[in-house]
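Note sheet for the following structure.
As a basis for the values below, the full set of heavy atoms in this structure was taken, side chains included, without hydrogen atoms, waters or symmetry mates. Within every chain, numbering begins at 1; the chains are lettered A, B, ... in the order of the sequence lines, protein sequences first and strands thereafter.
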2 protein chains.
Amino acid sequence: MTAARTSPRDRYREQTRAEIKAIALRQLAEGGAGAVALTRIAREVGLSGPALYRYFANRDDLLSSLIQDAYDDAATAVGSVGDQLPPSPRTSLRLLADAYLGWAAAQPHRYLLIQGSPLPGYSAPADTTARARAVLGPFLQVFATGEPDEEVRPLVAELAAWAQEDEAAAAWLREYTGLEPEDDRAATALAGAVLAWSQLHGTVSLEVSGQYAGMGHRARTLLTCQMSTLAAAFRLPDDWPERATG
Amino acid sequence: MTAARTSPRDRYREQTRAEIKAIALRQLAEGGAGAVALTRIAREVGLSGPALYRYFANRDDLLSSLIQDAYDDAATAVGSVGDQLPPSPRTSLRLLADAYLGWAAAQPHRYLLIQGSPLPGYSAPADTTARARAVLGPFLQVFATGEPDEEVRPLVAELAAWAQEDEAAAAWLREYTGLEPEDDRAATALAGAVLAWSQLHGTVSLEVSGQYAGMGHRARTLLTCQMSTLAAAFRLPDDWPERATG
DNA sequence: TCGCGTGAGTTACAGTCTCTAACTCAAGAT
DNA sequence: ATCTTGAGTTAGAGACTGTAACTCACGCGA
C-alpha cells in the first residue's frame, strides 16, 4: 500500500509492531481493554518494559491502533455483504445485520473495544468517526430505497437538516448512495442507518457483554425481528430500484 | 428500614461508608469506573489507604455497592412512571422510555456503570439480575396488553418457552403483570420488554457514551420513533384493558 | 569499506494503585 | 473495671505506566 520505502530497519520495526499488537489482541480477548498491559506484553516478546515505548508512544497509542484495525475489520465484514448486492433491500438489510452481529459475536472484546464504554482517559484520534461511518455505509444504500412511515418521520426531518448543513454527512451519503443532500432519499437513508445502528448496537452489545445470559432467546432472533420491523417502517421494496450501474 | 439495632459504632460506620460512596460517585462522574481509586478516596476522607478496607472488602465491593444503588435508583425512576398508570399503554411506553433516557442522560457514568462494558475482573453478585429486571418490570405491564404482529412473533415464540421453563422468569412476570407463564400474553410481555430494553440500551448508550456527537439528531427523537414503531408492532391499545384493581 | 548517526535496547527510578501484615489504641459492651 | 473488638496506623510487596540516561550495533552514505 503506502510502502514508500522499506528499509531493513523499517521491515523489522513493522514486524515487531505486529508482534506486539498480536499479543495485545490476545490480552484483549482474555480480559478486555483493561487487561492490555505493556509490561506484560514486553515480558512475552522478550523485551524489557520501556523498550515497547519505541514502538508505541504510550498505552493509548497501542489501543488506538487496535481500535483502528477493529473498525477496518468490521467495515470489511459488513462491506463484503454490501458488495454482493443481494436480491433486494429487505434481504440486504437482514444480511448486513447478520454480518454485523456475526462479526461482533466472533470477537466480543474487539466489539466492546470500539463500541463499548469509552476507555478512561482515552481520546480517539480524529479519523475514528470516518472509520465508524464506513461500517454503517452499506446501510445507507439499503435505506435510500425506502419510504418512511409516519412513525419515523420526525427522525427523517431532523436528519434532513443535518445532511444539508454538515459537509461530512453529505460526503458520507454521496459515497455510499450517490445522492445529493437535498434529495429526500438522503434523509431517509440517514434515518434508516441511525435507527439500524442504534438497534444493532443495543442487541449486539447486550449479547456480547453477556447481559442476555439466562434469558430464553437468541440475539439473532431478536435482531431479525427488529430488522423486519425496521424494513416495514421504511417500506423497503423487494427489488432494487433501477439505477445507473457503476 | 432494616435498622435492627443501631449502636453508635454502627451509625458511625454507616456514615463513613456513605461518605466513601459519595466521593466514589464523584470520581465515577469525573472519570468513569476506572477512575474510582481507593487510595485517592482515602486521601480525601482524611484516612490512610488501608483504612478503607475496614469499610469495603476491596475495590470491587465498593463498585458493587455503587452498582446496586444505581440499579435501585434507575428502577425507582422508571417505576415512578409505572405507578401513575398513565392513560394508555401507548402513552405509558413513551413515558417509560423517556424516564429511562432521562435517568441515564442525567447521570451518564452511572448508566455506563450498570449497562456498559463489563468491568475487567469484576463479577456481579447474585442479585444483580433481579435488580436489573426490576428496572424493566414496568415495561412488562405495558406489553402484556399487546397483540404481536407477524414480524415479532418469532421472538414471542422463543420467550414463551422460556417463561414456562424458567421459574425466575415466571416470578418476574407474575410480579409485574399477574399473568401465569402459560398465558399467551405472558410471552408477549416478555418479547416486548426485551425488544424495548434492547432498543433503549442501544440508543441510550450510544448517546451517553458520546457516539452521536456531531450527528444531527436528538436521542429523544430517535427513541420516540423507535417506541412508536414498537407500539405499532405490538398493536398497543389506546386504553387499558379492564382488570381487577388491587 | 570505513565511520558515524540513529534507532533498538538496556537499567534505574519515580509515581500511582491494590491489598496484606502486624501493630496500637480507645470506645463501648458486659 | 475489664477486656473485646473495631478503627486506625505504618511498612511493604507486587503490578503497572512512563521518563531519564545510558550502551551498542546496524546499516546508510561517502
Side-chain angles (χ1 to χ4, degrees), chain A residues 3-28 30-67 113 118-123, chain B residues 3-21 23-28 30-67 113 119-123:
Chain A
R5 186 76 61 85
T6 162
S7 68
R9 266 190 177 165
D10 287 352
R11 259 175 286 135
Y12 179 74
R13 185 180 173 76
E14 252 347 278
Q15 189 185 318
T16 311
R17 269 180 72 100
E19 193 180 349
I20 291 169
K21 279 165 68 170
I23 297 175
L25 217 44
R26 223 202 44 229
Q27 293 186 347
L28 178 72
E30 282 165 4
V36 176
L38 295 187
T39 317
R40 250 174 321 116
I41 294 177
R43 252 202 298 282
E44 233 176 290
V45 176
L47 292 176
S48 268
L52 289 213
Y53 290 82
R54 294 275 174 210
Y55 297 93
F56 294 92
N58 49 39
R59 191 170 170 273
D60 274 7
D61 188 31
L62 172 57
L63 288 176
S64 283
S65 178
L66 297 184
I67 288 172
L113 181 66
L119 302 167
Y122 174 84
S123 73
Chain B
R5 185 75 62 84
T6 162
S7 69
R9 266 192 176 163
D10 286 352
R11 257 175 289 135
Y12 180 75
R13 186 180 174 76
E14 249 349 278
Q15 189 185 319
T16 309
R17 270 180 72 101
E19 193 179 351
I20 292 169
K21 278 164 69 169
I23 297 175
L25 216 45
R26 222 203 45 228
Q27 293 187 347
L28 178 72
E30 283 165 3
V36 176
L38 295 187
T39 316
R40 250 173 322 117
I41 294 177
R43 253 202 297 282
E44 233 175 291
V45 176
L47 292 175
S48 267
L52 289 213
Y53 290 82
R54 295 274 173 210
Y55 297 94
F56 294 92
N58 50 38
R59 191 170 171 273
D60 274 7
D61 188 32
L62 172 58
L63 287 177
S64 284
S65 179
L66 297 184
I67 288 172
L113 181 67
L119 302 166
Y122 174 83
S123 73

Can you tell me the distance, in whole Å, between the [atom1] atom of [X] and the [atom2] atom of [N]?
X	N	atom1	atom2	result
B:R59	C:dC17	CZ	C1'	9 Å
A:L47	C:dT11	CG	P	11 Å
B:Q27	C:dT16	CD	P	14 Å
B:L62	C:dC19	CG	P	10 Å
B:Y53	D:dG8	OH	P	15 Å
B:E19	D:dA7	CD	P	14 Å
A:R11	D:dG27	CZ	C1'	12 Å
A:Q15	C:dG9	CD	P	11 Å

Kindly say if [X] contacts the phosphate of [N], meaning a side-chain N or O under 4.0 Å from OP1 or OP2.
X	N	answer
B:S48	D:dT10	yes
A:R40	D:dA15	no
B:Y12	D:dG8	yes
B:R13	D:dA7	yes

With distance as the sole criterion, do the side chain of A:R54 and the base of C:dG7 form a donor-acceptor contact below 3.5 Å?
->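 When only heavy-atom distances are counted, A:R54 does not reach the base of C:dG7 through any donor-acceptor pair under 3.5 Å.
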Pairwise 5' ranking along DNA chain D for A:V36 and B:P50, keeping only the more 5' one =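 Looking at the nearest nucleotide for each, B:P50 comes out on the 5' side.
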Just checking A:V45: base, sugar-phosphate only, or nothing, at a heavy-atom cut-off of under 4.0 Å?
->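 If one applies the 4.0 Å heavy-atom cut-off, A:V45 turns out to touch nothing in the nucleic acid.
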Heavy atoms under 4.0 Å, any strand shown: does A:A37 hit a base, just sugar-phosphate, or nothing?
-> sugar-phosphate
Is the backbone of B:A37 close enough, under 3.5 Å, to the side chain of B:Q27 for a donor and an acceptor to pair up by distance?
->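 Yes: the side chain of B:Q27 pairs with the backbone of B:A37.
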Hey, are the side chains of B:F56 and B:L38 touching, using non-hydrogen atoms and a 4.5 Å cut-off?
->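 Sidechains of B:L38 and B:F56: no contact.
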Heavy-atom side-chain proximity of A:L62 to A:I41 below 4.5 angstrom =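 Answer yes - side chains close enough.
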Kindly point out which of D:dG18, D:dC16, C:dT18 is positioned nearest to the side chain of A:R43?
->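 From the listed options, D:dC16 comes nearest.
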Identify which nucleotide among D:dT19, D:dA11, D:dA7 has an atom closest to any side-chain atom of B:Y55, counting heavy atoms from C-beta outward.
->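 For B:Y55, the side-chain atoms sit closest to D:dA7.
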Hey, could you give me the OH/OG1 distance between B:Y55 and B:T16, rounded to the nearest 0.5 Å?
-> 4.0 Å
In A:L113, A:L28, A:I23, the residue satisfying side-chain contact (heavy atoms from CB on, under 4.5 Å) with A:V36 is A:L28
